[in-house]
*Asks:* 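I'd like to ask some things about the structure below.
As the structure is a prediction and not an experimental result, all values here were calculated from the model. No hydrogens, no waters, no symmetry mates; every other heavy atom, side chains included, goes into these values.
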Amino acid sequence: MRSIKINIIPKENGVIMKNSINVISSEVPKERTRNLIVVKNSKVRFFGSLSSPQNDYLLGVLLLLFFFVVSFSFAQQSKEFTASGLKAMGGPNNPKVEIAWNRYYDSKQLYEIMKRIEKAYPNLVKVSSMGKSVEGKDMWQMTISNFKNGNPDEKPAMYIDGNIHSNEVQGAEVVLYTAWYVTELYDEVEWIKDLLDEKTLYIVPTINPDARDYFIYKPNNMHSPRSGMAKRDDDGDGEFNEDGYDDLDGDGNIVFMRIKDPNGRFKIDPTDPRLMIQANADEKGEYTLLGWEGIDNDGDGQVNEDNPGFYDPNRDWGWNWAPRYVQYGSDRYPFTQPENQSIRNFFLSHSNIAAAQSFHNYGGMILRGPGSKSDEGTYSRQDIQTYDFLGQLGEEQLPGYKYMIIWKDLYTVYGGEIEWFYGGRGILSFTNELWSEFDYFRRAKDSTRDVSQQDIYRFDKIMLFNEGVVPWKKYQHPQYGEIEIGGIKKAWTRTAPSFMIEDMCHRNMAFSLFHLYHTPKVSVDSIIVKNLSGGLKEVTAIISNERVIPTHTFQDEKNKITRPDWISLQGGKVLTGGVLENRFLGITKEQKNNPERLNVENIPGMGSVAVRWIVSGGNSFTVKVDSEKGGKAEKAINN
């Protein structure tokens, strides 16, 4: 509990209390401070003399403070979790940081949780801002690694973010759950401990904090606003955001409007009166659907045509970008938005990032690029094999999710985030579309998008007890006259319901952690010293990569995005050296400049390279490996 210090300042007819944190308010002259009350750690302490005309006031204040502290203490105790007697597998039993994973948090609450984790695990977590949003909010980022075991920025790393689209909120919870889980389990699960000893996680729960809060606190439907919050004139009338949705009944949800119409094409579903279905081709309907709740606010004959935004932050990236007439949602030029600029700059300054993951919703998909058919040639056969390994592992970890190619299995995307991660930075990256259609009734489907509206309404009825749908009710619309409004609430269908959030978080976290695990891990396997004539020695070293992902993807190596891996020899005087193109036949590609530090273009996944030097003198030799994406390793030998 924070300490509160209260200065009691005498007045003619009473007292004035000024609150400050940890220090006495500097605006109060010291000579006017009669007494001091300190509330700290649920205790009230009084410093000063009660022999003054203000006794009655001071005693009253003391009693009020005592009542406040006791009430607050009981309130805090009522929020505490009961300790567990039997640990369930797959989670901490009595965590230092207790978090409820059955709800969604705004950007401030996310930050508070991040700081709680940092406070509990200062040797594993550092929270910092990677930049500012359009509205000036910090983009809070967590660096997670064992700081006592090396510089986290020199270890193989994975970047994970969520919530690029404002209505796709649960990505932030999946990302933050990952941070919470690995820190809580660090001392309990050896696999997690080894992971954070060797690797680094860069975690950004929400990269669109402005619009996340707008979605949570403003009237929206499940699809809005999707954009960021920079102002745009969507209807070309010279005004910004002047005709957005209108919450006609004030319930915080934007649902549908319908009007009775004997020539309409919709009718009430006979199995569920809350659901509208299309009339058969040979029958008349009863209603016309008017769209989402709204009014023609600017008198242009259109309703809801200029909402906040609109641009799509996931069409703003500098790889295979296209202008708006080709790609709807793209903005003025690549990296228009400050949020995306901050992420770009973070990647450019962290060349140790070897893997990336972004969480969206919905549909139960594990997506990789390319986003368009025209970009197919960027993805090499070698890198696709690695993608396939990870994607197929994800299908096993995530029942109901399918490993898919964006342009081929979903739709065409130009200027997408993960396409820039791979195309622009050579980093293997995925987008997971959270909340699978399979999750409704856990029934196998032929595709991820063939759950019917009847299924959704049925789930709401028998699992959510009708909480997810606003029943139809009459409303006198200022322009349409008598209409009815009703439909699915904003927090339903795209977001997992409360009791399914933690399962979604854990399974998707597991997919990310295995991706991190398979980032490169270099080691010096062996050093062989052979005596030659004339006092010379031949030193051969085998350098291995113990994981599936290479130190340089083909895209990275081809475009020289990341510097080569460095393999150096200490001991003796190096006369010549090079990489063994065929170590069994002794065929060496000589490096004529600076042979004591050899440049190696790539150490393949689950593979090795061999290097050789000719040296004069020396009896002890040390081979060092320095790979930006594979980490560092060394080994010594005495001849």
Side-chain angles (χ1 to χ4, degrees), residues 153-159 198-200 319 347-348 350-356 368-369 377-390 420-430 515-527 540-569 577-613 623-635:
D153 293 338
E154 295 179 353
K155 299 178 185 179
M158 182 174 188
Y159 168 89
E198 299 170 1
K199 314 276 188 176
T200 297
W319 184 266
F347 269 74
L348 293 177
H350 289 80
S351 53
N352 60 320
I353 297 174
R368 73 158 175 89
T378 300
Y379 288 72
S380 68
R381 176 182 56 81
Q382 300 95 311
D383 291 344
I384 288 173
Q385 288 176 343
T386 310
Y387 266 119
D388 289 348
F389 168 80
L390 295 168
W420 182 77
F421 289 162
Y422 177 76
R425 298 303 301 160
I427 296 166
L428 296 175
S429 49
F430 293 93
H515 191 173
L516 173 62
Y517 173 82
H518 280 295
T519 55
K521 180 184 178 182
V522 297
S523 62
V524 182
D525 262 10
S526 60
I527 303 173
T540 304
I542 308 298
I543 313 301
S544 293
N545 177 2
E546 302 174 27
R547 299 292 185 262
V548 170
I549 298 174
T551 58
H552 297 74
T553 62
F554 186 81
Q555 176 69 0
D556 182 352
E557 184 180 349
K558 178 177 68 173
N559 294 283
K560 302 187 184 302
I561 297 170
T562 307
R563 68 158 171 83
D565 301 323
W566 292 335
I567 304 176
S568 58
L569 179 68
V579 178
L580 284 165
E581 293 183 330
N582 187 322
R583 73 186 187 199
F584 302 106
L585 297 177
I587 300 173
T588 304
K589 182 180 180 180
E590 183 184 6
Q591 180 177 306
K592 295 185 178 180
N593 296 320
N594 302 317
E596 63 275 3
R597 191 188 74 185
L598 299 174
N599 295 327
V600 175
E601 296 301 321
N602 181 41
I603 305 173
M606 303 303 292
S608 63
V609 296
V611 294
R612 179 170 289 168
W613 296 272
V623 175
K624 294 185 176 182
V625 185
D626 184 348
S627 170
E628 286 197 315
K629 288 182 168 59
K632 296 181 178 181
E634 65 178 75
K635 191 171 188 175

*Asks:* Would the distance check show the side chain of Asn545 and the main-chain N or O of Pro520 forming a donor-acceptor pair, the cut-off being under 3.5 Å?
*Replies:* no
*Asks:* Checking Gln555 side chain against Gly423 main chain: does a donor-acceptor pair fall under 3.5 Å?
*Replies:* yes
*Asks:* Using atom types as modelled and distance alone, determine if a side-chain donor or acceptor of Tyr387 lies under 3.5 Å from a backbone N or O of Ser429.
*Replies:* yes
*Asks:* Could you go step by step and tell me if Arg583 and Ile542 meet the side-chain contact (heavy atoms from CB on, under 4.5 Å) rule?
*Replies:* CA-CA 10 Å; Arg583 73 186 187 199; Ile542 308 298; 3.5 Å; yes
*Asks:* Where do Asn599 and Trp566 land on the side-chain contact (heavy atoms from CB on, under 4.5 Å) test, with the steps shown first?
*Replies:* CA-CA 5 Å; Asn599 295 327; Trp566 292 335; 3.1 Å; yes
*Asks:* Working to the nearest 0.5 angstrom, can you tell me the gap between His515 NE2 and Leu390 CG?
*Replies:* 5.0 Å
*Asks:* Which pair of non-hydrogen atoms, one from Ser627 and one from Val522, has the smallest distance, and what is that distance?
*Replies:* CB-CG1, 4.3 Å
*Asks:* Please report the C-alpha distance between Ser380 and Glu557 in whole Å, then the side-chain angles of each, then the deciding distance to 0.1 Å, and finally whether the side-chain contact (heavy atoms from CB on, under 4.5 Å) criterion is met.
*Replies:* CA-CA 11 Å; Ser380 68; Glu557 184 180 349; over 6 Å; no
*Asks:* Going from CG on Asp383 to CG on Asp556, what distance comes out if it is rounded to the nearest 0.5 angstrom?
*Replies:* 9.0 Å
*Asks:* Where do Leu516 and Thr200 come nearest, in terms of heavy atoms and distance?
*Replies:* CD1-O, 3.7 Å
*Asks:* Is a side-chain donor or acceptor of Arg425 paired with a backbone partner of Ile561 at a separation under 3.5 angstrom?
*Replies:* no
*Asks:* Count the heavy atoms of every other residue, nucleotide or ligand shown that sit under 6.0 Å from NZ of Lys558, and state whether that count exceeds 12.
*Replies:* yes
*Asks:* Looking only at side chains, do Ser351 and Glu628 share a donor and an acceptor under 3.5 Å apart?
*Replies:* yes
*Asks:* Between Gln591 and Arg597 (side chain of the first, backbone of the second, donor and acceptor by atom type, cut-off under 3.5 Å), is there such a pair?
*Replies:* yes
*Asks:* Under the ring pair (Phe, Tyr, Trp, His ring centres under 6.0 Å) rule, collect the residues that match up with His552, sequence neighbours excluded.
*Replies:* none
*Asks:* Look at the side chain of Lys635 and the backbone N and O of Asp525, then say whether any donor-acceptor pair between them is shorter than 3.5 Å.
*Replies:* yes
*Asks:* Does any non-hydrogen side-chain atom of Ser523 lie less than 4.5 Å from one of Val625?
*Replies:* no
*Asks:* Give, for atom CD1 of Ile567 and atom CH2 of Trp613, the distance between the pair rounded to the nearest 0.5 Å.
*Replies:* 6.5 Å
*Asks:* List the atom of Ile603, the atom of Ser544, and the distance in Å for their closest heavy-atom pair.
*Replies:* CG2-C, 4.1 Å
*Asks:* Tyr379: which residues meet the ring pair (Phe, Tyr, Trp, His ring centres under 6.0 Å) condition with it, sequence neighbours left out?
*Replies:* Tyr422
*Asks:* To the nearest 0.5 angstrom, please state how far the NZ atom of Lys199 sits from the NZ atom of Lys155.
*Replies:* 11.0 Å
*Asks:* Once rounded to the nearest 0.5 Å, what's the spacing between atom OG1 of Thr551 and atom CD1 of Ile543?
*Replies:* 11.5 Å
*Asks:* Before you tell me yes or no, could you show the steps for Thr540 and Leu580 under side-chain contact (heavy atoms from CB on, under 4.5 Å), namely the whole-Å CA-CA distance, both residues' side-chain angles and the distance that decides it to 0.1 Å?
*Replies:* CA-CA 9 Å; Thr540 304; Leu580 284 165; 4.0 Å; yes
*Asks:* How close do Ile527 and Val524 get, counting heavy atoms only, and between which atoms?
*Replies:* CG1-CG1, 4.0 Å
*Asks:* Assert yes or no for the condition that the ring centre distance of Tyr159 to His350 is strictly below 6.0 Å.
*Replies:* no
*Asks:* In Å and rounded to the nearest 0.5 Å, what is the CD to NZ distance from Glu601 to Lys589?
*Replies:* 7.5 Å
*Asks:* Between Pro156 and Thr519, which heavy-atom pair has the shortest distance, and what is it?
*Replies:* CB-OG1, 3.8 Å
*Asks:* Has Thr553 got a side-chain atom pairing as donor or acceptor with Gly426's backbone, closer than 3.5 angstrom?
*Replies:* yes
*Asks:* If only atom types and distance count, is the side chain of Trp319 paired as donor or acceptor with the main-chain N or O of Phe421 below 3.5 Å?
*Replies:* no
*Asks:* I need the minimum non-hydrogen distance between Arg547 and His518, along with the two atoms involved.
*Replies:* CB-O, 3.5 Å
